[in-house]
A.B. asks: 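Below is the structure I would like to discuss, written out as structure tokens.
Below, chain A is the first sequence line, B the second, and so on; all start at residue 1. Hydrogens, waters and symmetry mates play no part in the numbers below; they use all other heavy atoms, side chains included.
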Amino acid sequence: MLALQLTLTGLQAGALYALTAVGFSLIFGSTRVFHFAHGATFALAAYLFYAVEAAGYGFVPGLLASFAGAIAFGLAIDWFIYRPIQRDEGSFFTVFVASFGIGIVVQNLIGIFFGRSFVTITSPLSRAREVLDGVYVAPLAGIAFVVALICLLALGFFLRTTFTGKGLRALSDDPELVRVFGLNPRYLSAAAFAIGSALVVPAAVFTSMSSGLNPAIGHHVMLISLAATIVGGIGSIPGTMIAAFIFGLAENLSLLWFEPQWSEAVVFAILFAAIIARPSGLMGKSAAR
Amino acid sequence: MENYLANLGVLICVYSILAITLNFIMGYAGIFSLAHAVFFGFGAYTGGFIALNYTSSMFVTLPAAMVVSAVLSLLLAIPTLRVRGEYFVAASLGLQILAVTLFTEWKGFTGGIGGLVGIPPVSLFGTEIFRPTSFVIVTIVALIVTIGIFHLLVHSNFGRSLRAIRDSESAAAAFGKNVPVIKTVSLAISAALAGMVGALYASYLAFINVESFMLDTSVLIMAMVIIGGTGTQLGPIVGAIVLLSLPSAITYLNFLPQSEIGAIQQIIYGAGMTLLMLFRPGGIVGSGGK
């Protein structure tokens, strides 16, 4: 029974990880920007939702504030930070450091405004109910799982059928060819940042209602997103998604044998094993540059 | 007053050494590690553990700390440095987060959350060195030795290979350089010296716990390197002095909330890192402009 319980929790966690990780993977795969501040986008979206909801304005305004904040933040970083740096042929190092600096600033501003302790939004939906003998599931977990799946399917549909979506996939295959073809890489990169940042919002909102938030949550989110992108194969959205579910399930099923503080060690072990056994990732093309 | 200055001197030397060792892999080998505090920490715990249980002789604690940190770095480097640079960033972030759990839980070696208490002062030929004014000399010597080692390394054949790798890995590989081996060796040297200074740090404070070796410390060391000037010899020292004087500078500015000094300090260097990358990627010491 415990195993079934942990599998269900793991699927919910995996769905939320998939949203954030796919957002990062989309940005990194198509624009080649190592967007370390993606974790900060998550923290910002979550705390915006928390602030609006806790002030008594309700769920929908909170959700809208979270979407607006996340998308504006992603676009602003792309426009004001990454673009000027890349104009001068910014190396991996320059982009990474600039992104990392932003992450530190956001984390500490959140700490100053909201305090450094755990906060969470309680809702009747987050109360667990007994669905089977000894298996408890909160309605919220089911909703989170379904919403995440819808978002991921919608993203897949968008990338396969729309003009912008095809452009994004082309950009990740060959940026030069996209330019030759006459597509505007700036527009595509803005689209990648807007969509990638918007994808974290449902994950951030559900996290604030289930396991809670603290200002340093961005690091954990970033570790999972990076690990899922690598294990799944850089540039492969389906690979990232599968890897995120593997991490969610592994973190929770590991509780059968280990104490909870070791769940991040499980992530590390899988990442490490994957780098050794399959450096190009589950569905990646090649580890060579 | 004398002790205050000596204490500041010790801290500046310790962090300068950490920044120099990180600068060596970041600025010359192009490896971006978010786990430098782990090597520092393993050195500190190894030094402290040996001093508590066996001997506090510098000729035992320092080499032991160096070996432990270097071996740990090999475990991280051998699989991850064969592949893309981003993989190492991810793996080092994972190692840093894992190490904090390990330092908290491995009670037999690290004393758990309470840490190692009452670590005896380091001894040199039987003389115990514990007063800040005498310990500062030890750390200055360690700093000079570290600067010397890296000066020689950077100007040797090995250093030229490293720069070639940093500028173009594929070109270096085409010239017959074994890129993964060279990178792995540089990380091991860097980790060994970070471990050494960890052992010194443990014996100086007589007390260490996990709080000195968390992600924040790794980030602080990285900020020192970047703000001072990556890939320069003076930069890491300048960065260490600037960032270590930040908290006292904030205390003088009365309009800032004093309870948030730590957060304000991090905001300043976080913003500093981003702005430098936009306007002066070379850091304070590095060549100006772009």
A.B. asks: Going by side-chain hydrogen bond (donor to acceptor under 3.5 Å, both in side chains), name the residues that satisfy it together with A/Thr229, two or more places apart in sequence or in a different chain.
C.D. replies: none
A.B. asks: Which atoms of B/Leu75 are under 4.5 Å from chain A, going by heavy atoms: the side chain, the backbone, both sets, or neither?
C.D. replies: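 Backbone only.
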A.B. asks: Go through the atoms of A/His219 and report whether side chain, backbone, both or neither lie under 4.5 Å from a heavy atom of chain B.
C.D. replies: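 Both backbone and side chain.
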A.B. asks: Would you give the length of the straight line joining atom CD1 of A/Ile104 to atom CD of B/Gln265, rounded to the nearest 0.5 angstrom?
C.D. replies: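 The distance works out to 10.5 Å.
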A.B. asks: Rounded at 0.5 Å granularity, tell me how far CZ in B/Phe279 sits from CD1 in A/Ile85.
C.D. replies: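 Interatomic distance, B/Phe279 CZ to A/Ile85 CD1, rounded to 0.5 Å: 9.5 Å.
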A.B. asks: Any idea which of B/Gly94, B/Ala271, B/Gly262 has the most non-hydrogen atom pairs under 4.5 angstrom with chain A?
C.D. replies: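 When all of B/Gly94, B/Ala271, B/Gly262 are compared, B/Gly94 has the most.
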A.B. asks: Hey, mind stepping through A/Leu226 and B/Tyr87 against side chain to side chain contact (heavy atoms under 4.5 Å, CB included) and telling me if it holds?
C.D. replies: CA-CA 8 Å; A/Leu226 263 178; B/Tyr87 286 32; over 6 Å; no
A.B. asks: Which atom names give the shortest non-hydrogen contact between B/Thr274 and A/Ala98, and what distance separates them?
C.D. replies: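 Smallest heavy-atom distance, with atoms named: OG1-O, 2.9 Å.
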A.B. asks: Assess the residue pair A/Leu109 and B/Ile267 against the criterion (side chain to side chain contact (heavy atoms under 4.5 Å, CB included)); give the C-alpha distance rounded to whole Å, side-chain angles, the decisive distance to 0.1 Å, and a yes or no.
C.D. replies: CA-CA 7 Å; A/Leu109 284 177; B/Ile267 290 175; 3.6 Å; yes
A.B. asks: Kindly compute the distance separating CG (A/Leu223) from CD (B/Gln96), expressed to the nearest 0.5 Å.
C.D. replies: 11.5 Å
A.B. asks: Considering all heavy atoms of both residues, which atom of A/Pro84 and which atom of B/Leu278 are nearest to each other, and what is their separation?
C.D. replies: CB-CD2, 3.8 Å
A.B. asks: Over all heavy atoms of both residues, which pair between A/Ile276 and B/Pro79 is shortest? Give the atoms and the distance, please.
C.D. replies: CG1-CB, 3.4 Å
A.B. asks: Do A/Arg116 and B/Glu260 sit within salt-bridge range, that is, some charged N less than 4.0 Å from a carboxylate O?
C.D. replies: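 Between B/Glu260 and A/Arg116 there is a salt bridge, with a charged N closer than 4.0 Å to a carboxylate O.
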A.B. asks: Tell me, for B/Thr104 versus chain A, whether the close heavy atoms (under 4.5 Å) come from the side chain, the backbone, both or neither.
C.D. replies: neither
A.B. asks: Anything under 3.5 Å between a donor and an acceptor, one on a side chain of residues 266-273 of chain A, the other on a protein residue two or more places apart or in another chain? List them.
C.D. replies:
none

A.B. asks: B/Ile268 versus chain A, heavy atoms under 4.5 Å apart: side chain, backbone, both or neither?
C.D. replies: neither
A.B. asks: To the nearest 0.5 angstrom, please state how far the CD1 atom of A/Ile102 sits from the CE atom of B/Met277.
C.D. replies: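 That separation rounds to 12.0 Å.
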A.B. asks: Please classify the contact of A/Glu264 with chain B as side chain, backbone, both or neither, using a heavy-atom distance under 4.5 Å.
C.D. replies: side chain
A.B. asks: Go through the atoms of B/Leu76 and report whether side chain, backbone, both or neither lie under 4.5 Å from a heavy atom of chain A.
C.D. replies: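 Looking at B/Leu76, backbone and side chain both touch chain A.
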A.B. asks: So does B/Phe109 have more than 12 non-hydrogen atoms from other groups sitting under 6.0 Å from CZ?
C.D. replies: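 Yes.
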A.B. asks: Can you list the steps and then say if A/Phe92 with B/Glu86 is a side chain to side chain contact (heavy atoms under 4.5 Å, CB included)?
C.D. replies: CA-CA 9 Å; A/Phe92 165 70; B/Glu86 295 92 346; 3.7 Å; yes
A.B. asks: Kindly give the heavy-atom pair with the smallest separation between A/Asn108 and B/Ala263, and that separation in Å.
C.D. replies: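 Minimum heavy-atom separation between A/Asn108 and B/Ala263: OD1-CA, 3.5 Å.
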A.B. asks: Within residues 70-83 of chain A, which residues come under 4.5 Å of chain B, heavy atom to heavy atom?
C.D. replies: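 Listed by number: A/Phe80, A/Ile81.
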A.B. asks: Any idea which of B/Leu275, B/Leu276, B/Val89, B/Thr80 has the most non-hydrogen atom pairs under 4.5 angstrom with chain A?
C.D. replies: B/Val89
A.B. asks: Given that the side chain runs from C-beta out, which part of B/Leu215 has a heavy atom under 4.5 Å from chain A: side chain, backbone, both or neither?
C.D. replies: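 Contact with chain A: side chain only.
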A.B. asks: Between atom CG of B/Leu98 and atom CD of A/Gln261, what is the distance when rounded to the nearest 0.5 Å?
C.D. replies: 11.5 Å
A.B. asks: Walk me through whether B/Phe88 and A/Ile275 qualify under side chain to side chain contact (heavy atoms under 4.5 Å, CB included).
C.D. replies: CA-CA 10 Å; B/Phe88 190 82; A/Ile275 290 180; over 6 Å; no
A.B. asks: Run the salt bridge (charged side-chain N to carboxylate O under 4.0 Å, His left out) test against A/Arg186 and tell me which residues pass, sequence neighbours left out.
C.D. replies: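 A/Arg186: no salt bridge (charged side-chain N to carboxylate O under 4.0 Å, His left out) contacts found.
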A.B. asks: Among A/Phe28, A/Phe100, A/Trp262, A/Phe36, which residue has the highest count of heavy-atom pairs closer than 4.5 Å to chain B?
C.D. replies: A/Trp262
A.B. asks: Over 60° means perpendicular and under 30° means parallel, so tell me whether A/Phe93 and B/Phe32 are parallel, tilted or perpendicular.
C.D. replies: parallel
